[in-house]
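Before any comments, here is the structure.
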2 protein chains.
Amino acid sequence: MTTRIGKRRANLRDVAKASGVSVATVSRVLNSPSVVSEKTLTRVQRVIEELRFTPSAAARAINSGRSRFVGALIPTLDNAIFAGFLEGLESQLAASGLSLIVATTNDDPEIEFAKAQELLNIGAEGLIISGISHSQSLEKMVERTQLPTIAISYFDPQYHLPTVGYDNRASARIAIEHLRSIGCQRIAVIHGPTLNNDRTRTRVDELHRNAGSIALEYFEADISVQSGAAKAKTILASGTRWDAILCLSDVLATGALFELLRQNIRIPEDMALMGMEDLPSSASTYPRLTSVDLQVREMGIAAASALANWIEHHERPESVKLEARLNIRQTTALRLKD
Amino acid sequence: MTTRIGKRRANLRDVAKASGVSVATVSRVLNSPSVVSEKTLTRVQRVIEELRFTPSAAARAINSGRSRFVGALIPTLDNAIFAGFLEGLESQLAASGLSLIVATTNDDPEIEFAKAQELLNIGAEGLIISGISHSQSLEKMVERTQLPTIAISYFDPQYHLPTVGYDNRASARIAIEHLRSIGCQRIAVIHGPTLNNDRTRTRVDELHRNAGSIALEYFEADISVQSGAAKAKTILASGTRWDAILCLSDVLATGALFELLRQNIRIPEDMALMGMEDLPSSASTYPRLTSVDLQVREMGIAAASALANWIEHHERPESVKLEARLNIRQTTALRLKD
DNA sequence: TGCGAAAATGTAACTGGTTACAAGTTTTTC
DNA sequence: GAAAAACTTGTAACCAGTTACATTTTCGCA
């Protein structure tokens, strides 16, 4: 007969008592059953079953000093932009036996800091943060705790933390050069919020620097298909004659694409359209969307490898640069057939 | 002078020794600084700073018995389908001081079980699982450990766990009734994988039961814009004259939409198109997509509330049914203007 | 049958915090 | 100026596991 322990969760000592063995033996049944005799093994296992005993993760962690998970702080889950990244990140972390906690920051440095602190409090072994602009408090916390932390979406070897990302300047140049090469003179740029988003700010800045004789006008929108469509409508209604709309996110470009179709504008004859990110869906739109491939899934994989290695072998990784690639498709090229 | 402790991370006892106080006092500095005298407080805090001391989350958890996070097992992060759900889930959990760990299962019950076990091992206080078909081992584990667990995407009050989701049968009926009402006789249905996905199987089954005089043909595709477009191409090339394409996911519908546009098919005159889920983007497509709103964000919020309450107050929640709503837009209605 | 080695198990210290209770100090009150 | 009250701090037990080391049991073989 086993002792019933009120409503409290049974612990290792309860199991030991109920099965008439020492705590060490119960621990062995759990972790190295091969060294326990057949007879004891089955007896203890039956008691474990009876008492519905589940070892406490915290108590285990206290001994191993490991929690086996890392936290990722990303701006939002609300659209597909981070889907590919998270997919790559999660699957690669899993390969190192690490789990992933996702927290969203809404691009607010204060929220980011608060959530980072929470992640630390619950024992995260590493952190992924987006971009290289963060609150002082966050920077200090990372510095103080020496927590392995990687900044993504922004390649910058000068940054005080390792970065894994694309060169935002280069990707902006690739975009404007391509539009220049097909003869665009006046370009409307739709981009996401610049407040607290260094990726967007940097891209916009680099477009500006490389404009040359091209006239650029900027339109800021939330990152959503709906906002992309709305901004495109504004742009079309503005009276100016634009050669192209450049969207600094494929999500925005998809929205703009729908609006152009709605207004019966021929693409690219009347208006070229270009995105950035190259979401998987962009190759299937009508017309197919030209975009700068930022390799977000690869970024996830690279970030996971770097972080796992840092945690496992205490080697601080080097920054990793993902080469942006131009994928020319129908929204900027006349001759391309299906 | 403070004692340097090799490379080992400093712990509470180190701090106590270095600042000449007891461990209790250090603990107080951390948790209730107000009861500690000014002098001691600053002294201890300086030592904490010097030794870069960070309290161990595991050691804290062992006392409180709390880990403060729950795990969500979802099929994939690869497309936008779960974005809204996760967004709702995460934000509502945060309101209860709970964090979210996301793990993907790829709709494989074995992977699902393995990841659930891992989540349990690292101390998850609750679990979200997708649908109501799971491996025996997972069911047994949940039963054994009494871990608060909620099944989403499938409302079924009979299920042995609380469910939070839409009525998959009702949503299928809503879809087919709408298409019947606009006079469709032959409908091509594009749906996601049915293997290990009870949501899809149930919807397909219910379409079948309610077909009446309508001829239905089914096309299975991976859930992606690309696959949706590819299947639509197959359907258009099949020679049969279809009245409508019904996609059991808006992601598929978006792909089909692009393919119809590509082939210059008038929507809805030549072919009606309908989706399911009602992603935020569906209201902005061209033409705007008719869809059955499954309220996935609300599902996230409801699941989070139910789970948090279960964890906090040990009350097993009731199942929650989200009412699917038909959003009629241009892809099935001639008269609707922008 | 008896001895040594191998196998199985137990004891108790340890992980890094929290906290009940006790004890020592300072401040207040009469 | 002494007793009472309030404030600080310390001691040691406790949380739920793991594990080094000691001890007991079992077994093979001369």
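Residue numbers start from 1 in every chain, and the chains themselves are labelled A, B, ... in the order their sequence lines are given, proteins ahead of strands. Worth saying up front: this structure is predicted, and the values here are computed from it rather than measured.
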For the pair made of CZ in A:Arg13 and P in C:dA13, what is the distance, rounded to whole Å? 12 Å
Using atom CD1 of A:Ile122 as one end and atom C1' of C:dG17 as the other, report the distance to the nearest whole Å. 17 Å
Give the rounded distance in Å between these two atoms: CZ of B:Arg43 and P of D:dT8. 14 Å
Please pick, from D:dT9, C:dA8, C:dT18, the nucleotide with the shortest atom-to-atom distance to any side-chain atom of B:Val36. D:dT9
Between A:Leu322 and A:Glu298 the two heavy atoms that sit nearest each other are CD2-CB, 4.0 Å
Output the rounded distance in Å from CD1 (B:Ile62) to P (C:dG17). 11 Å
Is the phosphate of C:dT15 approached by B:Asn11 (side-chain N or O, under 4.0 Å from OP1 or OP2)? no
Of the non-hydrogen atoms in B:Val320 and B:Ala302, which two are nearest, and what is the gap between them? CG1-CB, 4.3 Å
Between atom CZ in B:Arg60 and atom P in D:dA16, what is the gap in whole Å? 18 Å
B:Leu12 CG to D:dT11 P, in whole Å, measures 14 Å
Assess whether a salt bridge exists between B:Arg68 and B:Glu312, defined as any Lys/Arg side-chain N lying under 4.0 Å from an Asp/Glu carboxylate O. yes
Check ion pair A:Glu38-A:Arg43 (N to O, under 4.0 angstrom): no
Closest to the 5' end of DNA chain D, once B:Asn63 and B:Lys39 are matched to their nearest nucleotides, is B:Lys39
Quick one: label B:Thr40 by what it contacts on the DNA or RNA (base, sugar-phosphate, nothing), any heavy atom closer than 4.0 Å. sugar-phosphate
Do other residues, nucleotides or ligands put more than 12 heavy atoms under 6.0 Å from B:Gln146 CD? yes
Name every residue in residues 22-29 of chain B that has at least one heavy atom under 4.0 Å from any atom of DNA chain D, in order of residue number, or write none if there are no such residues. B:Ser22, B:Val23, B:Ala24, B:Thr25, B:Arg28
Measuring to OP1 and OP2 of C:dT9, would you say a side-chain N or O of A:Ser37 lies under 4.0 angstrom away? yes
Report the distance from atom CZ of B:Arg9 to atom C1' of C:dT15, rounded to the nearest whole Å. 12 Å
Atom-to-atom span, CG of B:Asn31 to P of C:dA20 - whole angstrom: 12 Å
If I compare all heavy atoms of B:Ala151 with all of B:Gly131, which pair ends up nearest, and what's the gap? CB-O, 3.4 Å
So, for B:Val164 and B:Ala303, which heavy atoms are closest and what is the spacing to 0.1 Å? CG1-N, 3.9 Å
Report which part of the nucleic acid B:Thr54 touches: base, sugar-phosphate, or nothing (heavy-atom distance under 4.0 Å, all strands). sugar-phosphate
